[in-house]
**Student:** 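Sharing a structure here in structure tokens format.
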Protein chains: 2
Amino acid sequence: MPAASIRARVRAEMIDEIKAVARRHLATDGANLSLRAVARDMGMVSSALYRYFPSRDDLLTALILEAYDALGDAVEAADAAVDPRDLRGRWHAACRAARDWALAHPAEYALLYGSPVPGYAAPDDTVLPAQRPPTTLVGILGDGYADGRVTVADDDLPEPVRADLAEITAGLFPGLPESLLARVMAGWTQLFGLISFELFGRLNRAVPHREAYFDHQTGLMADLIGLPR
Amino acid sequence: MPAASIRARVRAEMIDEIKAVARRHLATDGANLSLRAVARDMGMVSSALYRYFPSRDDLLTALILEAYDALGDAVEAADAAVDPRDLRGRWHAACRAARDWALAHPAEYALLYGSPVPGYAAPDDTVLPAQRPPTTLVGILGDGYADGRVTVADDDLPEPVRADLAEITAGLFPGLPESLLARVMAGWTQLFGLISFELFGRLNRAVPHREAYFDHQTGLMADLIGLPR
DNA sequence: GGCACGACGAGAGCGCTGCTCTCGGTTCGT
DNA sequence: ACGAACCGAGAGCAGCGCTCTCGTCGTGCC
């Protein structure tokens, strides 16, 4: 006797299958996901899908949540697989993991980091999973700062910026100097830009050797942050 | 007697008005531009629009081209308005101009730099205007290198990356060391990431003082590139 | 100066979309 | 056992991009 009723279990499986089919459509057809097409693929009529997702946006939100978690898993796993004292190795591993995941799931990456859909507002559930990759990067720097191998940069932060960043460190990595957080955020911004440029075809002709270019660019940011070689 | 016939002139005005109305719709309704809605706003029936643009994508392409040029104009003008020897001032001015234009035209920025539309392939006309902002940044660094105030970084570039970048400098700023170009591209990537994060709402809660944050971050990249203070 | 041609706008229509509502049939909790 | 909740099918609505046809009107040519 299952703890959940048959109906509840079938419903859960149904939701999973809908998401799986939708993800497949996303991968092939791009961002304009069609509920009717998903329903057709499942041998259902489109109105039946609304028993499981009240609207197309809710389906997209579910996919977005799972995508954030998949990306977060990949980045954190890559970081954890490296010797914790090898800060630069961890940095490169985390960056590469993000890039690899994005290249393997371009449509989902575009869903997460592309232009926001006009009417769509990201629900609050997404903000925590969305912070996992940058949080991982902060953690690498924080470990280096904690044992003294990363020294504080002598940036003169404008006071309002220092205050904003202080609130972030308080909830994320207490004690981390704001100037270091500012630098790691520069690295995170750069990482996002690198992946987006590559994925959205902006260096198609210009830079054929994209992997080496990526590693070099992330290395530049590691220098800026002050990760020891 | 006008050189062009009345019909040709009316047609040109019509095209301009369609683009203007479409741009207005883009600003209010976001990226999903509706041909029918544009036609309604002009008191026309939708099929009449096809006399001027063979498809919705062609209208979008026209808007994209104009947007690239507007952004390029803004960045180049901001750069030119600063004393050419004030490299850091030029850098900040160019970066701020890009941000200001993006904040003033968020939908058009999203059109240029957001996730690519699935079926849409950017025509070759767009690649040159698209290169104007990064070219401006390269020019700032190049001027500094030419008169010796920016010294070459001793990065060890992997050979394939060096070769790729050498091809770019050859057509853009002959004689510029590849390692410097790599750093400018890091700055350009970062600039794009900064604007995108801000525009797509990624630092809504985290960083309220966005302008000061922006200036500090672009300053970090100026440091990385080696622009003198 | 007439005239055939081309451009033009309106309208109908096709297939697609997201979404709503109604109607039978099944399953669940009590 | 029975009412309630759930589920899938079907019809339908408004909107979309796009095509085709049909009168109308300006244009360049003879």
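Order of the sequence lines sets the chain letters (A, B, ...), proteins ahead of strands, with each chain counted from 1.
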**Student:** Polar-atom pairs under 3.5 Å, protein N or O versus N or O of nucleotides 22-24 of chain D: list them with distances, or write none.
**Tutor:**
none

**Student:** Indicate, with a heavy-atom threshold strictly under 4.0 Å, whether B:L33 touches base, sugar-phosphate, or nothing.
**Tutor:**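 It contacts sugar-phosphate atoms only.
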
**Student:** Give one of base, sugar-phosphate or nothing for A:M42, where a contact means two heavy atoms less than 4.0 Å apart.
**Tutor:** nothing

**Student:** Which whole-number value in Å describes the distance from A:Y52 OH to D:dA9 C1'?
**Tutor:**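 Checked: the OH to C1' distance equals 13 Å.
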
**Student:** Going by atom types alone, do A:D58 and A:S55 pair a side-chain donor with an acceptor below 3.5 Å?
**Tutor:**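 A:S55 and A:D58 do have a side-chain donor-acceptor pair below 3.5 Å.
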
**Student:** Sub-3.5 Å donor-acceptor pair from the side chain of B:T169 to the main-chain atoms of B:P174, do we have one?
**Tutor:** no

**Student:** Can you give me the first and the last nucleotide of DNA chain C (5' to 3') that has an atom within less than 4.0 angstrom of a non-hydrogen atom in chain A?
**Tutor:**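 Going 5' to 3' along DNA chain C, contacts run C:dT17 to C:dC28.
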
**Student:** Rounded to whole Å, please give me the gap between CZ in A:R36 and P in D:dC16.
**Tutor:** 16 Å

**Student:** Starting from the 5' end of DNA chain D, give me the residue, B:Y50 or A:M44, whose nearest nucleotide shows up first.
**Tutor:**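 The residue closer to the strand's 5' end, by nearest nucleotide, is A:M44.
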
**Student:** Need one value for B:S47: base, sugar-phosphate or nothing, where a base atom within 4.0 Å counts as base even if backbone is also close, heavy atoms only.
**Tutor:** base

**Student:** Measuring from B:F197:CZ to B:Q217:CD, what's the distance to the nearest 0.5 Å?
**Tutor:** 10.5 Å

**Student:** Could you state the CD1-C1' distance from B:I6 to D:dG28, rounded to the nearest angstrom?
**Tutor:**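 The answer, rounded to whole Å, is 14 Å.
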
**Student:** How long is the span from the OG1 atom in B:T28 to the CZ atom in B:R24, to the nearest 0.5 Å?
**Tutor:**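 Spacing of OG1 (B:T28) from CZ (B:R24) equals 8.0 Å.
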
